[in-house]
Asker: 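One structure, pasted below without further comment.
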Amino acid sequence: IMGSLFDYAGAEEKYPNTNIDIILPFKAGGGTDNAMRLVQKYLEPALGVRLNFMYKAGASGALGYIALSKAEAGGYTIGAINWPHVLVPGIIKDNPGYKYSDIQPVAAYDKDVAVLAVHMDSEWKTLQDFVEDLKSRPEKISLGHPNRLGYSIKAAYEFEEATGAKPKHVFFDGGAATKQAFLGKHVDSIIHNASVVRKMKDEARVLAVLGKERVGAFPDVQTFAEAGFAEIEVYTYRAIAVPAGVNPEHKAILARAIEKAVSDPEYIAEAEKMGLGPNFMDTAELQEFSAKTYKRIEELYSKYEKSVSK
């Protein structure tokens, strides 16, 4: 096939020496699939083998996480997994069907910041307008989120803490359902990935970015901090993960291939055109992010949803 740049030193056979199955926990055509399809173009030449996509959608990604956690640890089944999404089922469910320790991060390839958007024909022109109206009508204005088993718990309650306002939170089962509900005007507003909202520029007015800095898709839109509120950071890190027990050398080869793919200028240009955020994060960095984010989501869940049944 293609010539690989990475050989497994000292092994009888190089890794990888056959095609790799990659589990996607969300439906084809969604944000995770689109981002991974782009990376695929650059990752396959680096690895020297093909990636076979396997869709295991359902339960807000949990079915895919379960499938990856139970896969054979030979290095030939990997997953396109989103952080912090993979962390959340273990926080809010007594038995999510897998342990986080059964899924090992390899490296992230994309960083997608969340934004707050309202309908283009709405009366809210600024974040301040929106917050003032929320405060005058607590729990009357709906705010849609992609799912509870993702970053949405963090987004929902950090929004409340930053603004002192309380919307009616509506949690959907995935990004596509959230987008459809918004376009059908079944919710007044949404917090969603910038890469998704940019495709609705005629229908959505973006009021604020939930990140440290502005995003290229909406260069004129302020962050929460710029708008005078407490800073909020809500990101989706799209990453490659493997089941526990995969040879560390194989994981290192995968990580180097991901880094090479994400560093390719052509990939960067294509990703930015799609509204994605090319971003390589190695295993250690991803583990550090996981630990910090797990703790924060656990705190928010305990504080705001103690009465919610697991």
Asker: Once the angle between the rings of W124 and F130 is folded into 0 to 90°, is it parallel (under 30°), tilted (30 to 60°) or perpendicular (over 60°)?
Answerer: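 W124 and F130: perpendicular rings.
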Asker: Counting the benzene-type ring for Trp, do Y237 and W83 have ring centres under 6.0 Å apart?
Answerer: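 Between W83 and Y237, which both carry aromatic rings, the centre distance is not below 6.0 Å.
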Asker: Can a salt bridge be assigned to the pair K260 and D264 using a cut-off of 4.0 Å between side-chain N and carboxylate O?
Answerer: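 So K260 does not pair with D264 through a salt bridge.
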Asker: Looking at E160 and K166, is any side-chain nitrogen of the basic one under 4.0 Å from a carboxylate oxygen of the acidic one?
Answerer: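 Salt bridge flag = yes for E160 with K166.
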Asker: Report the distance from atom NZ of K273 to atom CD of E270, rounding to the nearest 0.5 Å.
Answerer: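 K273 NZ to E270 CD: 8.0 Å, rounded to 0.5 Å.
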Asker: Report the residues that fulfil ring-ring contact (aromatic ring centres under 6.0 Å, His included) with F280, sequence neighbours left out, ordered by chain and then residue number.
Answerer: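 Listed in chain order: nothing, the list is empty.
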Asker: Between E158 and R296, is there a side-chain N and carboxylate O pair less than 4.0 Å apart?
Answerer: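 Salt bridge: yes.
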Asker: Using the ring centroid of each side chain, check whether F159 and H169 are separated by less than 6.0 Å.
Answerer: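 Aromatic pair excluded; centres sit 6.0 Å or further apart.
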Asker: Between R238 and D112, does any side-chain N to carboxylate O distance fall below 4.0 Å?
Answerer: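 Yes, R238 and D112 are salt-bridged.
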Asker: Answer yes or no: is there a side-chain heavy-atom contact under 4.5 Å between L43 and L51?
Answerer: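 Result yes, sub-4.5 Å side-chain heavy-atom pair found.
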Asker: Going by ring-ring contact (aromatic ring centres under 6.0 Å, His included), name the residues that satisfy it together with Y76, two or more places apart in sequence or in a different chain.
Answerer: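 With neighbours one apart ignored, the set is Y15.
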Asker: Please confirm whether the ring centroid of Y151 lies under 6.0 Å from the ring centroid of H85.
Answerer: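 Judged by ring-centre distance (under 6.0 Å), Y151 and H85 do meet the cut-off.
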Asker: Let me check something: do I297 and I232 share a hydrophobic cluster, defined by ILVMFWY side-chain heavy atoms less than 4.5 Å apart, either directly or through other members?
Answerer: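 No; tracing contacts between hydrophobic side chains, which count when under 4.5 Å, never links both residues.
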Asker: Looking only at atom types and distance, does a side-chain atom of E226 sit under 3.5 Å from a main-chain N or O of T223, one as donor and one as acceptor?
Answerer: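 Yes; at least one donor-acceptor contact below 3.5 Å.
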Asker: Is the shortest distance from a Lys or Arg side-chain nitrogen in K154 or E233 to a carboxylate oxygen in the other one below 4.0 Å?
Answerer: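 No, this pair does not count.
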Asker: Which residue pairs pass the side-chain hydrogen bond (donor to acceptor under 3.5 Å, both in side chains) test when at least one of the two sits in residues 279-289, sequence neighbours left out?
Answerer: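 Found none.
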